[in-house]
2 protein chains.
Amino acid sequence: MVKITDVARHAGVSPSTVSYALSGKRPISEETRQRIAASIRELGYRPHAGARALASSRSNVLALVVPLRAGIHVPVVMQFAVSVVTAARRHDHDVLLLTQEEGEDGLRRVADTALVDALIVMDVQLHDPRLPLLRALDRPSVLIGFPATPEGLTCIDLDFKAAGELCVERLAGLGHRVVALVGSPPEVYVRGTAFAQRVVEGFTAAADRNGLASSVHPCEASPGAARRVAEQLLREQPALTGVVVHNEPILEPLIDAFEQLGLRVPGDLSVTAICPDELAEGVRVPVTSIAIPSAEVGARAVELLMKKLGGTDVPEATLLAPRLTERASTACRAAP
Amino acid sequence: MVKITDVARHAGVSPSTVSYALSGKRPISEETRQRIAASIRELGYRPHAGARALASSRSNVLALVVPLRAGIHVPVVMQFAVSVVTAARRHDHDVLLLTQEEGEDGLRRVADTALVDALIVMDVQLHDPRLPLLRALDRPSVLIGFPATPEGLTCIDLDFKAAGELCVERLAGLGHRVVALVGSPPEVYVRGTAFAQRVVEGFTAAADRNGLASSVHPCEASPGAARRVAEQLLREQPALTGVVVHNEPILEPLIDAFEQLGLRVPGDLSVTAICPDELAEGVRVPVTSIAIPSAEVGARAVELLMKKLGGTDVPEATLLAPRLTERASTACRAAP
DNA sequence: GCGTGACGTCGAAGCGCTTCGACGGGGGAA
DNA sequence: TTCCCCCGTCGAAGCGCTTCGACGTCACGC
């Protein structure tokens, strides 16, 4: 293994000079810097991560806690993970993968052993048991998602409440008077998963504000469940003309079910969804949707952490405004 | 931060004794060990990962390279990742997440800086550019998947060739004489992704061996594409009665398409698939399938690495035998 | 002409842990 | 009884890097 002293000798300087040339924490003359760079290249020097971490008390590693619970949509999680890794690399950091399963002990472990400098936590519950720990930890963290009491924490997410509202506003604007929300699987709400709850809040608030008749239906992520919900909706709300879907896997089956029940989309029924763009575009009838900006959220989460690591204050809450993309699944309500 | 010297002082022993008590690398009397354990608990001691890595030249971190290419099925990747993390934790290791994007440089970086002790590489191509690097690296690695020349590497995967064969054998055993393989998206084959290729090999070999008429159809992962393939199959192979699907997202749409074209499954058409069990079971007509044993592959990959890290020799190739689970989508061919 | 910084570099002291060699004491073999 | 060896423990020497204080040099202002 080639070490910093080898580089120093080769370049005819002291190890500390090499270190400063690398970190830029003290001025080094252009000429010396060049010489050191050449030696590094020639010898193929790579600083030892452990030694660096020990001496600088910075590991340049971030922890990412990914959920693997029932009812969450895996591709979205993966998108977050990838965007976090990519963003972290831009800041010369790596990402350690933790599963939800490890729970609080896992967080404490990687933080206390100084394996990681900071933490990113996904799939936050409204009353997440990890919150006290995260507040107490001596390492900065960012939550992707909002708990009920985000005080003292740094959180970022799509503004799901606004997303729920926006879907309804759009339907109301198109003249729809009876709307329904087909939501995530029941267990997601039972757990108090924040983002799902907030969609419901927004949906309901906007429906009330606009004087719409509305209902909310959690739904398992299976085509069979989608069909049953469709049938139930027709039965219970025969005047229904607007549907908001917040459940990726059943978006397509649900639309199929409606059509098989004789409802054309968007002729008889307008559908909006909160889901990744790829999905909304991939359906037979492309769906008007609000995307989950996973790339942006991941990148911004990392930026927030970097700022915190740098000692800069950051806002506690970052809510990304929803943006609705008009596609083929929405239309004005047909004259009654 | 509480360190090993604090524990030592508190327990009335030397730091090295604490270290040995923790690692078990030298005998320590039961009594002393108890005392040390108590001190550790009381003080909340956690060994500093960087210091440990520096002194022992072991970071207890594994790198996992996940693919994020077009055409791969994300949930399966996630399953692998989770099972790797879980298995790694059982061996007191953590997992660093690398994206394919980082490529060879990323592998070299984490290996050369001693950030990780060993590497797990997914989504191996038949002629993967990373192979020479992996062979040359001073750290052990395991590939999930088989390249064309696996010599000098440690590889593990489901035996996809046998899986392809098994699907055909099963269909042949049920009396089917004309079969088709609906495969992964074309780009997967173009890239030479090993597992996809091997399914084709196995499928073709078994079809020939059994004297079946057969054809192979790569297929985009969209319902529209599924429908087009279904129509094409009916047109080109009107006598078709057996289909093997190796493309998770279109399994259900494809069956729907067949039924809409008037073919009942399994009445007119028997379908087998290579896909996760959850998917096979979630379809309206549960599909006879060969599961991708991601949990087992991930766990075994980690075991292999641990053995290699321990200096034990391991077999170069580990092929997991496919196991076919009979479900509702297969039946004997109707009398002609 | 001399004090004063700023600049560029060096040396040394750790960071917290593991590990190697050494050592005292007790028990078994001779 | 003597010798040897093993068990349990200690002390010290690093692991490879960063960082702090110090030092010489040079340019500048007065």
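In the text below, chain A, chain B and the rest are named by the order of the sequence lines, each starting its count at 1.
- Applying the 6.0 Å contact sphere to CD of E31(A) captures no more than 12 heavy atoms from other residues, nucleotides or ligands.
- Computed from coordinates, the R58(B) CZ to dT18(C) C1' distance equals 13 Å when rounded to whole Å.
- One cannot find a donor-acceptor pair under 3.5 Å joining the base of dG8(C) and the side-chain atoms of S29(A).
- Looking only at atom types and distance, the side chain of T86(A) has no donor-acceptor partner in the side chain of S83(A) under 3.5 Å away.
- Checked by atom type and distance alone, the side chain of K308(A) pairs as donor or acceptor with a backbone atom of S141(A) at under 3.5 Å.
- Checking V18(A) against V13(B), the closest nucleotide of DNA chain D that is more toward the 5' end is the one next to V13(B).
- Note on residues 128-142 of chain A: pairs passing salt bridge (Lys or Arg N to Asp or Glu O under 4.0 Å), not counting sequence neighbours, are D128(A)-R130(A).
- In the helix from dG1(C)-dC30(D) to dA30(C)-dT1(D), the terminal helix axes, each the rotation mapping four pairs' C1' atoms onto the next four within five end pairs, subtend 40°, rounded to 10°.
- Within the structure, side chain to side chain donor-acceptor pair (under 3.5 Å) contacts touching residues 105-116 of chain A (residues at least two apart or in different chains) are E102(A)-R109(A), R109(A)-D94(B).
- One atom, CG of L22(B), and another, P of dG16(C), lie 16 Å apart when rounded to the nearest Å.
- Listed by chain and residue number, nothing satisfies the ring pair (Phe, Tyr, Trp, His ring centres under 6.0 Å) test with F80(A) (two or more places apart in sequence, or in another chain).
- One can place CG of N60(A) at 14 Å from P of dC17(D), the figure rounded to the nearest angstrom.
- Distance NZ (K3(A)) to P (dG14(D)): 11 Å, rounded to an integer number of Å.
- Using a 4.0 Å heavy-atom distance criterion, S56(A) is classed as a sugar-phosphate-only contact.
- Between I4(A) atom CD1 and dC10(C) atom C1' there is a gap of 13 Å when expressed in whole angstrom units.
- Residue-level contact check: T32(A) touches the backbone only, with heavy atoms under 4.0 Å from sugar-phosphate atoms and none from bases.
- Here the shortest heavy-atom pairing between T5(A) and P15(A) reads CG2-CG, 4.0 Å.
- Rounded to whole angstrom, the span from the CD1 atom of I28(A) across to the C1' atom of dC7(C) amounts to 10 Å.
- Of the N and O atoms on the side chains of S16(A) and S19(A), not one donor lies less than 3.5 Å from an acceptor on the other residue.
- With hydrogens and angles disregarded, no donor-acceptor distance shorter than 3.5 Å links the side chain of R58(B) to the backbone of A53(B).
- For L54(A), taking side-chain heavy atoms from C-beta onward, the closest of the listed nucleotides dT19(D), dG16(C), dG11(D) is dG16(C).
- Atom-to-atom, CD of E30(A) to P of dG8(C) comes out at 10 Å; the value is rounded to the nearest Å.
- Between T17(A) and dT9(C), a side-chain N or O to OP1/OP2 separation shorter than 4.0 Å is absent.
- Within 6.0 Å of atom CD in E104(A), more than 12 heavy atoms from other residues, nucleotides or ligands are found, so the atom counts as buried in its surroundings.
- Look at K25(B) and you won't find any side-chain N or O under 4.0 angstrom from OP1 or OP2 of dT18(C).
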Between N or O atoms, less than 3.5 Å apart, protein on one side and nucleotides 21-24 of chain D on the other: list the pairs.
{"from": "dG21(D)", "atom 1": "N7", "to": "R26(A)", "atom 2": "NH2", "distance (Å)": "3.2"}
{"from": "dG21(D)", "atom 1": "O6", "to": "R26(A)", "atom 2": "NH1", "distance (Å)": "2.2"}
{"from": "dG21(D)", "atom 1": "O6", "to": "R26(A)", "atom 2": "NH2", "distance (Å)": "3.4"}
{"from": "dA22(D)", "atom 1": "N6", "to": "R26(A)", "atom 2": "NH1", "distance (Å)": "3.3"}

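- Using a 4.0 Å cut-off between charged nitrogen and carboxylate oxygen, R300(A) and E303(A) do not count as a salt-bridge pair.
- Shortest non-hydrogen contact noted between V2(B) and Y45(B) is O-CD1, 3.4 Å.
- dG8(D) atom P lies 9 Å from atom CZ of R33(B), rounded to whole Å.
- Residues from residues 37-52 of chain A that place a heavy atom under 4.0 Å from any atom of DNA chain C: there are none.
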